[in-house]
Number of protein chains: 2
Amino acid sequence: MRAADLSEIRKLDLFQSMDEDHFAALMKAAYFQTFPTGMQLITEGDMADFLFVVVEGCVELFAATNGREATMAMVKPVGTFILAAVLKDAVYLMSARTCAKSRVLMIPSQNVRNAFVKDDSFARAIVSELASCYRAVVRDHKDHKLRTAVERLANRLIKYHTCQGETGSLTLPYDKKTLASLLGMTPENLSRAFGTLKPYGVEVDGAKVTLSDIKSLTTLAKPNPLIDVRKA
Amino acid sequence: MRAADLSEIRKLDLFQSMDEDHFAALMKAAYFQTFPTGMQLITEGDMADFLFVVVEGCVELFAATNGREATMAMVKPVGTFILAAVLKDAVYLMSARTCAKSRVLMIPSQNVRNAFVKDDSFARAIVSELASCYRAVVRDHKDHKLRTAVERLANRLIKYHTCQGETGSLTLPYDKKTLASLLGMTPENLSRAFGTLKPYGVEVDGAKVTLSDIKSLTTLAKPNPLIDVRKA
DNA sequence: TTCATTTCTTGATAATTATCAAGTCTCAAC
DNA sequence: GTTGAGACTTGATAATTATCAAGAAATGAA
């Protein structure tokens, strides 16, 4: 691994306050690789060999059963995935594929668990990350159990709008097929949901969305801080 | 707190290998209380004051927004809830109420975080518990994104049947309204879903369900070890 | 017991969401 | 340019799920 990469990784929350020796040991065992778009990194059901850290690009977590497939989450820099499986030394519950050219750090599970035991600071960072992931899934689950598809879309648009600086317009971060699956609907329904939101000032042109009546959109969406995250 | 209670709690996975002094300190600050049925213990949005451990009885985790309410999970002995909120020193994302007379251990958040820092064994147990909770929510989320209501019910029945000894019949552990909400449907729809499963050998009489054709029910349900848990 | 409450079920209907089948559009390769 | 693939949209239709209303069954208190 290059020195530049190392110092970059060292800055990540997960490793920042870690002991120097422990960090070096961890990195010695790790792989830092660049993957092209569309590369499947892990498959649900496989044993958790590595902890993954997305340093650049974007990774889609998805799951399938009985011929159906659903996008579970999108991991952006700097985020980890399948931390729980690594800690429990269990199988992955989700598959992962890159949805952009991505730089990914792969740390062998056993080394993560070793470092976890040896390095208290690392352990705390891991727990913080795991708790965050947990809360994110709970939010997502609430979103799905308590809202209709149109409401989920409306809230998602408000979220993107907020994150992108509240300029009155926003850019969808993923293609519509992926966004649809993430929101738990079919691509056809996403199209129609955008149509439903037209009277609320939502205008779509490709990946660009303009919100001309945020007040009425908000009235419809009823965003809830206990479901919709501020950051990211 | 009574000595008998103390020794019982000490046996729980979470505290088992904890240092004696640390355990004593934690328990000195804790409350061990019995609550009647239907008591609301926490409300989503409130700051996480306590970590809860259900020692006896049953607690329902639920969430609400915009006039709608959904059961998110049921916590049975011995299980914790809102661990992530406590560790992150954040607000609860879910509310909780007892759905039976319940004995609950309440440990002040700050004490949990202190013990977490001081006691490595406790920290490891906490992480294991948190990772398990995380994986449980992921499974639940997959269940909802990848299956129809009838499929969710069929798999749930198979799960209960397995847990209760595969005798050809099972007892629903919650009332049907709660079960419906847990499965993400209305009570009316649960009734109809049971009707749909009749041709697959599912006969309902109150809380008792008999499965006379498990093979055909399984063919319909298509249980998946990456969604449906073995234990519990 | 009786009454009242709650739980559960059933029917009718509406809303939501999915599926199937074009059709348009963009974009890149040839 | 032409072609073809993939993304997206739209319409028609079907399946799924929810809502509203009423009735049956179980439960519990007086």
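Per chain, numbering begins at 1; letters A, B, ... match sequence-line order.
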| request: For DNA chain C, determine which residues of residues 141-150 of chain A have any heavy atom closer than 4.0 angstrom to one of its atoms, and list them numerically. | output: A:Thr148, A:Ala149

| note | Residue pairs meeting side-chain hydrogen bond (donor to acceptor under 3.5 Å, both in side chains), one or both in residues 51-64 of chain B, sequence neighbours left out, come to B:Glu56-B:Arg103, B:Glu60-B:Thr71, B:Glu60-B:Arg97

| B:His141 ring center near A:His141 ring center (under 6.0 Å) | yes

| remark: Axis-to-axis angle for the helix from C:dT1-D:dA30 to C:dC30-D:dG1, ends of five pairs each, to 10°, equals 30°

Less than 4.0 Å between a side-chain N and a carboxylate O, is that true for [Y] and [X]?
X	Y	value
A:Glu151	B:Arg68	yes
A:Asp228	A:Arg147	yes
A:Lys142	B:Glu44	yes

Set of residues satisfying side-chain contact (heavy atoms from CB on, under 4.5 Å) with respect to [X], sequence neighbours excluded:
X	answer
B:Pro173	B:Lys76, B:Tyr160
B:Ile214	B:His161, B:Leu211, B:Thr218
A:Ala48	A:Ala85, A:Val86, A:Tyr92, A:Ser109
A:Glu188	A:Thr186, A:Arg192

Tell me if a side-chain donor or acceptor on [X] pairs with a main-chain N or O of [Y] at a distance below 3.5 Å.
X	Y	value
A:Thr98	A:Met39	yes
B:Thr219	B:Lys215	yes
B:Gln164	B:Thr171	yes

| query | What is the per-nucleotide protein-contact pattern of nucleotides 25-30 of chain D, from the 5' end, where B denotes a base atom under 4.0 Å from a protein heavy atom, S denotes such proximity for sugar-phosphate atoms only, and - denotes neither? | reply | ------

| query | Under a 4.0 Å heavy-atom cut-off, which of residues 188-195 of chain B touch DNA chain D? | reply | B:Glu188, B:Asn189, B:Arg192

| query | Between residues 61-69 of chain B and DNA chain D, which residues have a heavy-atom gap below 4.0 Å? | reply | none

| query | Quick one: NE2 on A:His144 to CG on B:Asp140, what's the gap to the nearest 0.5 Å? | reply | 12.5 Å

| message | Heavy-atom count check: over 12 atoms from other residues, nucleotides or ligands less than 6.0 Å from A:Tyr200 OH? | response | no

| task | For DNA chain C, note the earliest and the latest nucleotide, 5' to 3', having some atom under 4.0 Å of a heavy atom belonging to chain B. | result | C:dC8 to C:dA12

| note | Applying side-chain hydrogen bond (donor to acceptor under 3.5 Å, both in side chains) to B:Glu203 and not counting sequence neighbours gives none

| Heavy-atom closest contact (A:Met74 atom, A:Cys58 atom, distance) | CE-SG, 3.9 Å

| field | Any donor-acceptor N or O pair under 3.5 Å, side chains B:Thr65, A:Lys222 | value | no

